[in-house]
Q: 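This is the structure, below, for whatever I ask next.
Computation of the quantities below employed the complete heavy-atom set of this structure, encompassing side-chain atoms and omitting hydrogens, waters and symmetry-equivalent molecules. Within every chain, numbering begins at 1; the chains are lettered A, B, ... in the order of the sequence lines, protein sequences first and strands thereafter. Since this is a predicted model, take the numbers as computed values, not measurements.
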Protein chains: 2
Amino acid sequence: MTEELSGGDLHRLRQLNALTVMRTLRGGSALTLTELAQRTGLSRASTEDVVRDLLERGWVAEAELKVGTVGRPARRYRFRADAGRVLGVDIGGHKVLALLSDLDGEVLHSERVGVDPSMGRMERLAAVDRAIAGALAGAGVSTADVWATGVATTGLVDGTGRVMLSEALPEWTGVDVAGHVSRRVSGPVLVENDSKLAALAESWRGVARYAKDVVFLLAGLRTGAGLIIDGKLHRGFGNAAGEIGALPQVGWIRAQEHLKAWTPGPGVTNIFQAARDGDRKAVAAIRRYVKDIAVGASALVLTLDPELVVVGGGFSRSADLILGTLRAELDRRCIRTPEVRASALADEGVALGALRLALDHVDAALNRPGELAAPSSFLA
Amino acid sequence: MTEELSGGDLHRLRQLNALTVMRTLRGGSALTLTELAQRTGLSRASTEDVVRDLLERGWVAEAELKVGTVGRPARRYRFRADAGRVLGVDIGGHKVLALLSDLDGEVLHSERVGVDPSMGRMERLAAVDRAIAGALAGAGVSTADVWATGVATTGLVDGTGRVMLSEALPEWTGVDVAGHVSRRVSGPVLVENDSKLAALAESWRGVARYAKDVVFLLAGLRTGAGLIIDGKLHRGFGNAAGEIGALPQVGWIRAQEHLKAWTPGPGVTNIFQAARDGDRKAVAAIRRYVKDIAVGASALVLTLDPELVVVGGGFSRSADLILGTLRAELDRRCIRTPEVRASALADEGVALGALRLALDHVDAALNRPGELAAPSSFLA
DNA sequence: TTAATAATGATGGAATCCTGAATAATCATG
DNA sequence: CATGATTATTCAGGATTCCATCATTATTAA
């Protein structure tokens, strides 16, 4: 949302005012003209003018009147979140999750397809197709209604939406994810690393909503990180920001070993459950795992000095067993220990981030000076 | 310079246009109205109106006519960089350097006062006073003309301009730098860590001018880092960003030991000179030093994936002996190795960064909507 | 039915921008 | 030294947009 403020002629001023009206309407509920005028700082008359424009162009719609108040009932206007649809897809090792939402990011349908790390790329892509088709069908939406699609995948992603390198899924390296998905939906397809998108989701709808600088740790079968800096997702020059796990000293690769080394007792398959039940060896293994993770986390924290560290990923359900040790380790290593919290987005975080990526694309078009022509301009 | 674009009434539009005119004039040479109109995108008539306003309020001045062209000679207008002065001060271990510049950042006078790491805080503050007084006197400027002052110091600086912790100068911990300097100059005093300001200087006038994401390494008797992210100085939530040296594994503290362990031969006191002259032990010591530095640098680079790493500080004069090893080490450790370059700002980098800090403050006031009242408003 | 309340609609004034034509200043040339 | 070419400046007219104000309209409460 940071633009160079550049002035211009009167037409541009109207555009700017139309944008502020749109932003005020966006996400919130329907507003009357008087309310809109108050919030935007414009006069009532001008607000009316702007809204008439937006109404004609299809960006806003009239909501029902609210009855039961004294005085003449006011017309109420709302953002036409139903004018288009966006799609967010998480391609993971164990599941493919597709979320279909309206332009407010309100999820209309979610479709989950189970996959397996051992699957080949064709099988996995077929699962992606099924998830997308299911999400569209479930919401009763055709591909033409989809304005933008965000896709999350493991591994490094290049500028064209191709997977440059995936350590967790070797078969996946080199797959042209954007190309494949583009053939299934209309509109632009944006592909990004899953840890980064999970971080984005936290700063959108998660526990990091009010923080400007955030380190997000994806703790699960793989370990990864995503960075929010100054409220924005930080990608890095080569899209490789946050890949601290590659540093051998950091030991994110060997961290998992501690967990794998634990042998389940009879009837218990989950190390975290075992630890809660008092299994000493499980507790110790988890502690060693967290200590390894914490080295890399310290490097991220010392580099950025964030306000908040969020732990997400599969293991965040067992935050009670992780956060204490993590806090202690960070405290030991860092100059200023940030707040440490667990994600509350369950296993939908990554897909929500993908959704947000698609929404960002729509918003950018909304804010592009000279645009705001009409919603249908997306389909051109 | 990044503001939310918010629209408003016609008066606000004029303000925005006045700002774009100011930005166009800023830093560049004098321009005619026709040139200004072309660059700002405004019509000639409106540009004239805006410039008349700015002229009346004292922000711009008429420059001399340029003769020798065909046609009626055009009036030319320039930013009144001479309307005020700013001061940048670097308080280091071995010197205090004060730069006095105009509002374009053109340095008018620089004053250097030698100090010693063993000095007490009173002695050092006295040296600061002398440097400031010398810079003012040298440029023939009174304290009242100084609109803003930036100060660089070693150690962690808190929000009020007090040194929270200085490892290099233990006596310096707790000194209220902003308070002291405020009593010597008029206008606001901004204090910041020296590594951070050196980074700022590189992205302003150094080799990092065209990079958005930069890691700056201060390599000298102390080691430090400063980060430029998305074109802006990154401070962190507690102003402790870049303090990766605190991580014991990183070894920035022991790095110096390698250099100190080298014993000078007869007639040679400088390890870098010795290395150039073929002293094997000196070469090896430097290599070990750089390898230690590189561990922390790798952590910074892996975290941020910057476009560029800049090496500054006292040792950057000997970049020929450092950069090769540093590149090789980064290459070994990082996923994508950024470009590595040496600073070209000699030992004025930190002071220039302090100057930029002061100028940023002036610019912010210039860009604050509702301001742009008159230059003299700074003195109120 | 009337009073109170609050939204809508219409009018006029002011600020700002743009376009285009008339005027002014300088250089080159006969 | 006058004239034309060239470019700047100045001025006038028209258009857009915003704001303030007032009359009108729709609804609830008494």
Q: Go through the structure and list residues passing side chain to side chain donor-acceptor pair (under 3.5 Å) with B:Arg72, not counting sequence neighbours.
A: none
Q: If the condition is side chain to side chain donor-acceptor pair (under 3.5 Å), which residues does B:Glu307 pass it with, not counting sequence neighbours?
A: none
Q: Bend across the helix from C:dT1-D:dA30 to C:dG30-D:dC1, to 10°, with axes taken over 5 pairs at each end?
A: 10°
Q: Using the test side chain to side chain donor-acceptor pair (under 3.5 Å), find all partners of A:Thr24 that sit at least two apart in sequence or belong to another chain.
A: none
Q: How long is the line joining NE2 of B:His11 and P of C:dA15, in whole Å?
A: 10 Å
Q: Residues two or more places apart in sequence or in another chain: which of them pass side chain to side chain donor-acceptor pair (under 3.5 Å) with B:Glu192?
A: B:Arg235, B:Asn239
Q: Without decimals, in angstroms, what is the distance between B:Leu10 CG and D:dC18 P?
A: 7 Å
Q: Taking the side chain of B:Asn17 as heavy atoms from C-beta outward, which of C:dC17, C:dT8, D:dC18 is closest to it?
A: C:dC17
Q: Just to be sure I understand the rule, does B:Thr32 reach a base, reach only the sugar-phosphate, or reach nothing, if contact means heavy atoms closer than 4.0 Å?
A: nothing
Q: Is any side-chain heavy atom of A:Thr149 less than 4.5 Å from a side-chain heavy atom of A:Val86?
A: no
Q: Whole angstrom is fine here: how far is it from CG in A:Asp49 over to P in C:dT11?
A: 14 Å
Q: Taking salt bridge (charged side-chain N to carboxylate O under 4.0 Å, His left out) as the definition, give me every residue that meets it alongside A:Asp104, ordered by chain and number, with sequence neighbours left out.
A: A:Arg26
Q: One character per nucleotide, please: for nucleotides 18-30 of chain C, 5' to 3', B when the base has a protein heavy atom closer than 4.0 Å, S when only the sugar-phosphate does, - otherwise.
A: SB----BBBS---
Q: Rounded to whole Å, please give me the gap between CD in B:Glu48 and P in C:dT16.
A: 15 Å
Q: Round to the nearest Å and state the distance from B:Leu13 atom CG to D:dC19 atom C1'.
A: 15 Å
Q: Specify the separation, in whole Å, of atom CZ of B:Arg14 and atom C1' of D:dT16.
A: 15 Å
Q: In whole angstrom, what separates B:Leu36's CG from C:dC17's P?
A: 14 Å
Q: Residues in salt bridge (charged side-chain N to carboxylate O under 4.0 Å, His left out) with B:Asp102, at least two apart?
A: none
Q: Among residues two or more places apart or on two chains, list those pairs meeting salt bridge (charged side-chain N to carboxylate O under 4.0 Å, His left out) that have a residue in residues 36-48 of chain A.
A: A:Arg44-A:Glu48
Q: State plainly whether the residues B:Asp9 and B:Arg12 are in salt-bridge range, i.e. N to O under 4.0 Å.
A: no
Q: Nearest to the side chain of B:Ala74 - C:dA7, D:dC18, D:dT9?
A: D:dT9
Q: Rounded to whole angstrom units, what separation is found between the CD atom of B:Gln15 and the C1' atom of C:dA15?
A: 13 Å
